[in-house]
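The sequence lines fix the lettering, A, B, ..., with proteins before strands; numbering per chain opens at 1.
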There are 2 protein chains.
Amino acid sequence: MSTILDVCKLAGVSKATVSRVINGTGQVKESTRDNVFSAMKELGYRPNRLAQALATNKTHTVGLVVSDFDGIHFGLLLKQAAASAELANKQLIVTDGHNDPAYEYEVILQLEAQCDAIVLYSRTLTDDHIQLLHKQLTIPIVVINRDLPEQLFHSVSFQQENAVTLMMNHLLTNGHKDIACITGHMNNPTGIARLNGYKNALKSASIPFQKSLLKNGHYDMKSGYQACQSLLKEKSNFTAIIAFNDCMALGALRALTEAGINVPEQVSIIGIDDDPVSEFFTPRLTTVKLPIVEMTKQAVELAITLCDESKPTHSYQYQGELIQRESVMPVKLKA
Amino acid sequence: MSTILDVCKLAGVSKATVSRVINGTGQVKESTRDNVFSAMKELGYRPNRLAQALATNKTHTVGLVVSDFDGIHFGLLLKQAAASAELANKQLIVTDGHNDPAYEYEVILQLEAQCDAIVLYSRTLTDDHIQLLHKQLTIPIVVINRDLPEQLFHSVSFQQENAVTLMMNHLLTNGHKDIACITGHMNNPTGIARLNGYKNALKSASIPFQKSLLKNGHYDMKSGYQACQSLLKEKSNFTAIIAFNDCMALGALRALTEAGINVPEQVSIIGIDDDPVSEFFTPRLTTVKLPIVEMTKQAVELAITLCDESKPTHSYQYQGELIQRESVMPVKLKA
DNA sequence: CTGTTAGCGCCTTCAG
DNA sequence: CTGAAGGCGCTAACAG
């Protein structure tokens, strides 16, 4: 790997001049610029970004931290983040926190010297942790999926409870009253908000909440499958299932299918996310779209803006949207 | 962000001493070490990794480059890579090449100063490009999924053709002769090797290759769906479909289901990957497992080893394994 | 227009 | 056991 000095020698100029042509700063005579360029090309020279960063205190990279590399919206999120970053000519450095809050916290602090801004999509850190981070960090941080009443940091959030309300209303409108619910982890704001959505919708419809219809899942297909099986084993009475994401809804669908129960004729199912796979199952899954791509775009673009200029903290809010497909139908009246 | 100088002042020692306690090198009196530590803690000091890297020419990070963030095995690969890296106390920096060979090439070169080793999972770069890279790079590179006859670089590969042979034999054993094939991109070694597997299996069974039974896909569900629809529209005669990955197989399954064709009673389907979603479809998809997790582990661990010591290039080979589920059954004789 | 001179934050001989 | 000094590769005033 050749350095700037090699270029200097070959082109017969000083470091300053080479630096000028690298960065397009200052005035350089065209002939010497050409000289420098050809020297660079001949050597296959590439400026060392670490050295550049150290000298300028600018890394031109944004850090993306997720709690886990198999999180729910992981793929779409990364893809969009990469696209947005490249568009702005920024490097993207991606890290996961192994689902461990302490580790994740440390990772973010470590990143401080390596990025100009951070985008965080955490499901392990508490709101308090995030606030602490925000104060401690000298670089801006944009938080996805956290929605604090006071706007203490930049955030891009999704109205979780409202999304569940949408789902419930769709079911209620179709005459369902016995609605089972497969939740996600209940140790973070997302799970809690969604559960509130479920309970409040029930309350609004004057339907008593039944603990036996509530099952815990972990956002993956298998846990949706298992949750549904336990619902079945307990012979609970339900005409519909709402799951806190599409994967679990799909897992439940599988369990129902195995048990010889028809969806949606006998039981309706609705999920949330609009996962790309959802429309390839039979029946095609009805769901509420979570605009993760748009949210990611917003977050990364905001982070990139914040690399160069500061802005007052603001919360960008997104909402769900019902996508009607084939897994929900009006409840059949019992004979 | 405090620097080493701040610690020096607070602890009343020189940079050298602080550096020693940071790195645990050299001898430091216990009392002064404690002093330094408490100064660091008080300041919330964290060594600047960029500066460390510049000074030592060691980054303690390995770079992972994939062609695209929605590549096939993307999630599992990242998750395992992150786990392996953390285990070895290395940072992982992940980048994608936006499916553009030139961009990807450039990205890798750029990474040279930022990592101690690179793991590459490319589907856009040619073997020649990779060789060129290997020669140009001063850091080691481990290539996943390329298998050159001569071992010109470190690689972890999968016997693509053999995997397809497994799939075909399973179908042939079940009496299928009219076997449609949904391929992936044909501009890279993987696609070519797999197609060879298909054609050679046909030849071994003395079944003529029919161009009309061959459809191109792009490894996603939608393209599998479309390929199957076009097969159907052309009224091709087939009793089985082999797809070059599970996603496309699942897309084809959907197309068949929509057309009122029973799987596997009327048409058998087999995929490759053993994608986690495959066993949640109905029928559960028969497939050949591609051990991407094991391969990734091998590749990253190798890369980490190469950070500190050089080794002669070697190719680690992996094979597929048939996973029989429910989407294949013996062909029915025509009435 | 170009070169000289200091750093960026850290590590690492080499003396003491 | 500790400090002073130089350097990693690059940028950024400041002269000229």
Side-chain angles (χ1 to χ4, degrees), chain A residues 1-37 39-40 43-61 91 109-116 138-139 308, chain B residues 1-37 39-40 43-61 91 109-116 138-139 308:
Chain A
M1 278 192 49
S2 46
T3 78
I4 204 174
L5 278 179
D6 300 315
V7 180
C8 291
K9 286 177 200 150
L10 192 61
V13 296
S14 74
K15 288 199 297 176
T17 300
V18 176
S19 175
R20 283 185 193 105
V21 351
I22 291 173
N23 300 294
T25 56
Q27 305 280 301
V28 182
K29 207 203 303 175
E30 189 161 331
S31 62
T32 81
R33 190 204 330 273
D34 291 347
N35 265 342
V36 173
F37 269 132
M40 298 200 307
L43 293 166
Y45 169 79
R46 252 158 260 280
N48 182 324
R49 307 192 114 197
L50 293 190
Q52 287 185 133
L54 194 60
T56 57
N57 198 27
K58 264 275 172 203
T59 61
H60 299 288
T61 104
Q91 239 201 200
L109 253 20
Q110 285 290 4
L111 238 38
E112 186 168 14
Q114 300 178 66
C115 327
D116 298 333
T138 55
I139 57 174
D308 300 315
Chain B
M1 278 191 49
S2 45
T3 77
I4 203 174
L5 278 179
D6 301 314
V7 180
C8 290
K9 285 176 200 150
L10 193 61
V13 295
S14 74
K15 290 197 297 177
T17 300
V18 176
S19 176
R20 283 185 193 105
V21 350
I22 291 173
N23 300 293
T25 57
Q27 305 281 299
V28 181
K29 209 202 302 174
E30 190 162 328
S31 62
T32 81
R33 190 205 330 273
D34 291 346
N35 266 340
V36 173
F37 268 132
M40 298 199 308
L43 293 167
Y45 169 78
R46 253 158 258 282
N48 182 323
R49 307 192 115 196
L50 294 190
Q52 286 185 133
L54 193 60
T56 58
N57 197 29
K58 264 274 171 204
T59 61
H60 299 289
T61 103
Q91 237 200 204
L109 252 21
Q110 286 289 6
L111 237 38
E112 186 168 15
Q114 299 178 65
C115 326
D116 298 334
T138 55
I139 58 175
D308 302 314

Could you give the angle between the helix axes at the two ends of the helix from C:dC1-D:dG16 to C:dG16-D:dC1, with five pairs per end, rounded to 10 degrees?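 If I round to tens, the end axes sit 40° apart.
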Measure all distances between protein nitrogen or oxygen atoms and nitrogen or oxygen atoms of nucleotides 5-9 of chain D, and list the pairs falling under 3.5 Å.
from: D:dC8; atom 1: O2; to: B:L54; atom 2: O; distance (Å): 3.4
from: D:dC8; atom 1: O2; to: B:A55; atom 2: N; distance (Å): 3.3
from: D:dG9; atom 1: N2; to: A:A51; atom 2: O; distance (Å): 3.4

For B:T61 and B:Q114, indicate whether the former's side chain and the latter's backbone hold a donor-acceptor pair under 3.5 Å. yes
Got a donor-acceptor contact below 3.5 angstrom from the A:T59 side chain to the A:A113 backbone?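 No, because the side chain of A:T59 does not come within donor-acceptor range (under 3.5 Å) of the backbone of A:A113.
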Nearest whole angstrom, please: distance from the [atom2] of [N] to the [atom1] of [X].
X: A:R49; N: D:dT11; atom1: CZ; atom2: P; answer: 12 Å
X: A:R20; N: D:dC14; atom1: CZ; atom2: C1'; answer: 10 Å
X: B:K9; N: C:dG9; atom1: NZ; atom2: C1'; answer: 13 Å
X: A:N57; N: D:dC10; atom1: CG; atom2: P; answer: 17 Å
X: B:Q27; N: C:dG16; atom1: CD; atom2: C1'; answer: 16 Å

Think A:T17 has a side-chain N or O under 4.0 angstrom from the OP1 or OP2 of C:dG3? yes
Taking only side-chain N and O atoms of B:S14, does any of them lie within less than 4.0 angstrom of OP1 or OP2 on D:dT2?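 No, B:S14 has no side-chain N/O under 4.0 Å of OP1/OP2 on D:dT2.
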Test side chain to side chain contact (heavy atoms under 4.5 Å, CB included) applied to B:K29 - qualifying residues, sequence neighbours left out: B:S31, B:T32
Can you name the side chain to side chain donor-acceptor pair (under 3.5 Å) partners of B:K58, sequence neighbours left out?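 If we apply the side chain to side chain donor-acceptor pair (under 3.5 Å) test to B:K58, skipping adjacent residues, the hits are B:D308.
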Could you list the residues that satisfy side chain to side chain donor-acceptor pair (under 3.5 Å) with A:N35, not counting sequence neighbours? none
Mind listing the residues from residues 29-37 of chain B sitting with a heavy atom below 4.0 Å of DNA chain C? Number order is fine.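 Listed by number, there are none.
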Does atom CG of B:N57 have more than 12 heavy-atom neighbours from other groups under 6.0 Å away? no
What does A:V18 touch in the nucleic acid at a heavy-atom separation under 4.0 angstrom: a base, only the sugar-phosphate, or nothing?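 Nothing, no heavy atom under 4.0 Å.
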Spatial distance of atom CG (B:L5) from atom CG (B:L10) [nearest 0.5 Å]: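 It is 12.5 Å, given to the nearest 0.5 Å.
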Distance-only donor-acceptor hits, side chain of residues 14-25 of chain B, under 3.5 Å, sequence neighbours excluded:
from: B:S14; atom 1: OG; to: B:A16; atom 2: N; distance (Å): 3.4
from: B:S14; atom 1: OG; to: B:T17; atom 2: N; distance (Å): 3.4
from: B:S19; atom 1: OG; to: B:N23; atom 2: ND2; distance (Å): 3.4
from: B:N23; atom 1: ND2; to: B:S19; atom 2: O; distance (Å): 2.9

Show me the side-chain donor-acceptor pairs of residues 44-55 of chain A shorter than 3.5 Å, one per line, residues at least two apart or across chains.
from: A:R46; atom 1: NH1; to: B:E106; atom 2: OE1; distance (Å): 3.2
from: A:R46; atom 1: NH1; to: B:E106; atom 2: OE2; distance (Å): 2.5
from: A:N48; atom 1: OD1; to: A:L50; atom 2: N; distance (Å): 2.8
from: A:N48; atom 1: OD1; to: A:A51; atom 2: N; distance (Å): 3.2
from: A:R49; atom 1: NH1; to: A:Q91; atom 2: OE1; distance (Å): 2.9

